[in-house]
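So that the names make sense, note that chain A is the first sequence line, chain B the second, and so on, each numbered from 1.
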Protein chains: 4
Amino acid sequence: MEEKMSRRERKKIQSKQTILQAAVHVFSTKGFQETSIADIMNQADLGIGTFYNYFESKEDVLKCLLKSVVEEICQAFEKFVEDKCAPADILEKTVMLSARLLSENRFVLPLFLSAANLSGMPEGSAELPAEPSAFKLLFNRIIASGQDSGAFREDIPTEVVTELFHSMFQAASFSSLPMGFEENIRLKLQLVLDGLRAR
Amino acid sequence: MEEKMSRRERKKIQSKQTILQAAVHVFSTKGFQETSIADIMNQADLGIGTFYNYFESKEDVLKCLLKSVVEEICQAFEKFVEDKCAPADILEKTVMLSARLLSENRFVLPLFLSAANLSGMPEGSAELPAEPSAFKLLFNRIIASGQDSGAFREDIPTEVVTELFHSMFQAASFSSLPMGFEENIRLKLQLVLDGLRAR
Amino acid sequence: MEEKMSRRERKKIQSKQTILQAAVHVFSTKGFQETSIADIMNQADLGIGTFYNYFESKEDVLKCLLKSVVEEICQAFEKFVEDKCAPADILEKTVMLSARLLSENRFVLPLFLSAANLSGMPEGSAELPAEPSAFKLLFNRIIASGQDSGAFREDIPTEVVTELFHSMFQAASFSSLPMGFEENIRLKLQLVLDGLRAR
Amino acid sequence: MEEKMSRRERKKIQSKQTILQAAVHVFSTKGFQETSIADIMNQADLGIGTFYNYFESKEDVLKCLLKSVVEEICQAFEKFVEDKCAPADILEKTVMLSARLLSENRFVLPLFLSAANLSGMPEGSAELPAEPSAFKLLFNRIIASGQDSGAFREDIPTEVVTELFHSMFQAASFSSLPMGFEENIRLKLQLVLDGLRAR
DNA sequence: CATGAATGAGCTTTCATTCAT
DNA sequence: GATGAATGAAAGCTCATTCAT
């Protein structure tokens, strides 16, 4: 049974959570690149060596953070599909849910993408794309189904639209505009959705 | 006369060019963050110390690269305005010119933005924004004039649209889609432009 | 109980001592300015990075070395005062104790002073004077009390005499005369003390 | 004839003087250690390479600066001897002349000594002692003659007294006391001279 | 499982020196 | 003789990673 864990197991999970929270805090404060593992563990009030009991690298932490976000979004999406929402509705709802979830950890997605992107993809293509691709696959599905049903125009390849949505999240994360993350996304969503609708 | 330079002066200018080209090459290959100054000068086949005769830092190189691109785009824009092109036309032409110019140095703009963004903005906001803001100002002008003339919808704030265009360039730079940089931009431009037009 | 320390803690303290001793040795051999941190850690047979677990810079090592010397001298001085020694006696004893303590680390005081002095005082005046001023204050006290009691002449300002004693230590440190550090100080002390006595 | 020099020769000397003056200025401002050769030549408004036409190193500049000072003092001393001044008089006059000459270039002597001293004498003993020893020899002569004539006490070795005078100059150079260089020297001279006189 | 001292590769930066012009 | 671009050795310092405790 899942709820049965030894004290040790619970403590182990506890430590991992502590580190994740500390990482979120320090990443938000100092930025990802500028954060050292010592910074994280210092914030977590744990020994440096302990980090390596739970993670392999800083990127690994990021992967872990993103994973939970992606999972929640996927679950919601499945629900929307079951409810037979219209494609445009599903897209809008999923985008805005993503916005809500990411607004608190707004550095997660972009940093994750950036970690892969900006590094010129040294070996990133092998290591990181685990979760981002889940994200992309999800959006591909939504948009493709909208195109199939005739709700969305088809002259723009599905993946291009997906990429555009991605970049919206990324840009919103670092926006300095005088509005919140979600509002930023909402406005761009309107624009793109209007452009995307079949005439 | 300008063409009158001593051999020495010519050589100096050539060295700077050599370094810039080497930097472009290495940044494209290894990524900006992962590139060391030694990497650049090794590629340039020059001594490490020589770097500091021309630049103060890696960021300085980026600034230099972007500067020339921005200047060229600005000049073209002024020309479009003189020719009294329609706002949508100006936007399209400017975007596509930017795409063409950046396609060769596709890492320049996004890395430049990212350098400021991803670093958690330690002091980046003070140092780097010189040129990106020129970029933003240009697009703000184009879009605002389109909104004033009634060509573009006004319910989306100008700066939000600008930000969206920015993110398009950024995303296209690192796209792994099976199409060129310019084609990538062209498709998204269509989408956004359709969404942007007043009904 | 103080003697209760984990093995680890003891080892840590021992490492610091090892580094200090290595520094003393290399400073004496190569001089302070010419000594690199790599030199010290090489002599200590420890990794370079280890240095920064214990000290912030070369100057920090110096500060640490001087600190213990100054503290010991101060304690002795307090004792002399309690014993109601005559000012000339206190001066002589303190000078000779300083000589004895410094004779082993004879480079400590002068280098410390020099580090501040010779660097053209870039920011040295803010960082280093912590301990030297303790030294100066101590001598000022001794000499002033001698002047107050009528034992020492008063036509020479206290601080000037202090400065003279300082320079004696400095000079003796680098003397190439065929006599020991302490003998060097003893002779000059006689000379200056005779000049200092009120007629 | 000396006054007959080719234009070239005059220009050559001019450049050397320019460099020396620039060096004096920059040394005084930034300190010796912190001054780079580029700093000097920048101040001199001459090309960096030109430095090596006249000097071999920064230390060479120092040597050159001290040389002229020492020569002038030696000449004055010879004059005092011819005038059959008393030893104490000669000592006082020579010290005060040295003080006057050095007060303008107060960094010259101490830096020169320090350059040799603080470096732990790596190879300094071979390169630098050229001029300082002239200085020491001069003072040795003065004091020894005073001791021979019975004017000065003989229980302090000549060289020890010389060393004490040296350290006076050094200390005065970096004194932060609220008095001028010469006044500083004058006060200490009184003290030491009184201690030095035979009883 | 937790620890943190030890490590050294690797980075940026400085600067004396050379040499072709 | 004057120049200053090119150079690379050498410095200080950071930090991910290991491992004995």
I need the CD-P distance between D/Glu34 and F/dA11, as an integer number of Å. 17 Å

Between A/Gly49 and B/Ala38, which residue's closest nucleotide on DNA chain E lies nearer the 5′ terminus? A/Gly49

Dot-bracket summary - DNA chain F, pairs being Watson-Crick or G-U whose distances fall under 3.5 Å, with | when paired to another strand: .||||||||||||||||||||

Considering residues at least two apart in sequence or located in another chain, which fulfil the side-chain hydrogen bond (donor to acceptor under 3.5 Å, both in side chains) criterion with A/Ser36? A/Asp39

Taking only N and O in the side chain of D/Ser15, is any of them less than 4.0 Å away from OP1 or OP2 of F/dG1? no

Nearest-Å distance, NZ (B/Lys16) to P (F/dG4)? 17 Å

Between B/Ala23 and B/Val61, what is the shortest heavy-atom contact and its length? CB-CG1, 3.7 Å

About how many Å separate CD1 of D/Ile48 and CE of D/Met41, when rounded to the nearest 0.5 Å? 8.5 Å

Nucleotide nearest D/Ile48 when distance is taken to its side chain, options F/dA11, E/dA5, E/dT17: E/dT17

Rounded to whole Å, CZ of C/Arg7 lies from C1' of E/dT3 at a distance of 15 Å

Proximal nucleotide (of F/dA2, E/dC1, E/dA6) relative to the A/Tyr54 side chain: E/dC1

Specify the separation, in whole Å, of atom CD of D/Gln14 and atom P of F/dA2. 10 Å

Distance, rounded to the nearest Å, where B/Ile13 contributes CD1 and F/dA5 contributes C1': 13 Å

If you check every side-chain atom of D/Tyr52, which of E/dT18, E/dT13, F/dT3 has the closest atom? E/dT18

Among E/dT3, F/dT3, E/dT12, the nucleotide that comes nearest once only the side chain of B/Ile37 is considered: E/dT12

Contact class for B/Glu56 vs. all strands (heavy atom < 4.0 Å): base, sugar-phosphate, or nothing? sugar-phosphate

To the nearest 0.5 Å, atom CZ of C/Phe51 lies from atom CD of C/Glu56 at 9.5 Å

Does D/Asn53 put a side-chain nitrogen or oxygen below 4.0 Å from OP1 or OP2 of F/dA2? yes

Flag the pair D/Glu59 / D/Lys63 as yes when at least one side-chain heavy-atom distance between them is below 4.5 Å, and no otherwise. no

What is the distance, rounded to the nearest whole Å, between atom CD of A/Gln33 and atom C1' of F/dT14? 15 Å

First encountered from the 5' end of DNA chain F, between C/Lys11 and A/Thr35: A/Thr35

Under 4.0 Å from OP1 or OP2 of F/dT21: is there any side-chain N or O of C/Arg8 that close? no

Rounded to whole Å, please give me the gap between CG in B/Asp39 and C1' in E/dC11. 11 Å

For the student: nearest non-hydrogen atoms of C/Gln33 and C/Lys58, plus distance: O-NZ, 3.5 Å

Distance below 4.0 Å between B/Thr50 side-chain N/O and F/dA5 OP1 or OP2: no

Test side chain to side chain contact (heavy atoms under 4.5 Å, CB included), reference C/Tyr54, set C/Asp60, C/Ile19, C/Leu20, output is C/Ile19

Without decimals, in angstroms, what is the distance between D/Asp60 CG and E/dT17 P? 11 Å

Over all heavy atoms of both residues, which pair between A/Lys30 and A/Glu34 is shortest? Give the atoms and the distance, please. O-CB, 3.4 Å

Counting only side-chain heavy atoms from C-beta out, which of F/dG12, E/dA5, E/dT12 sits nearest to C/Lys58? F/dG12

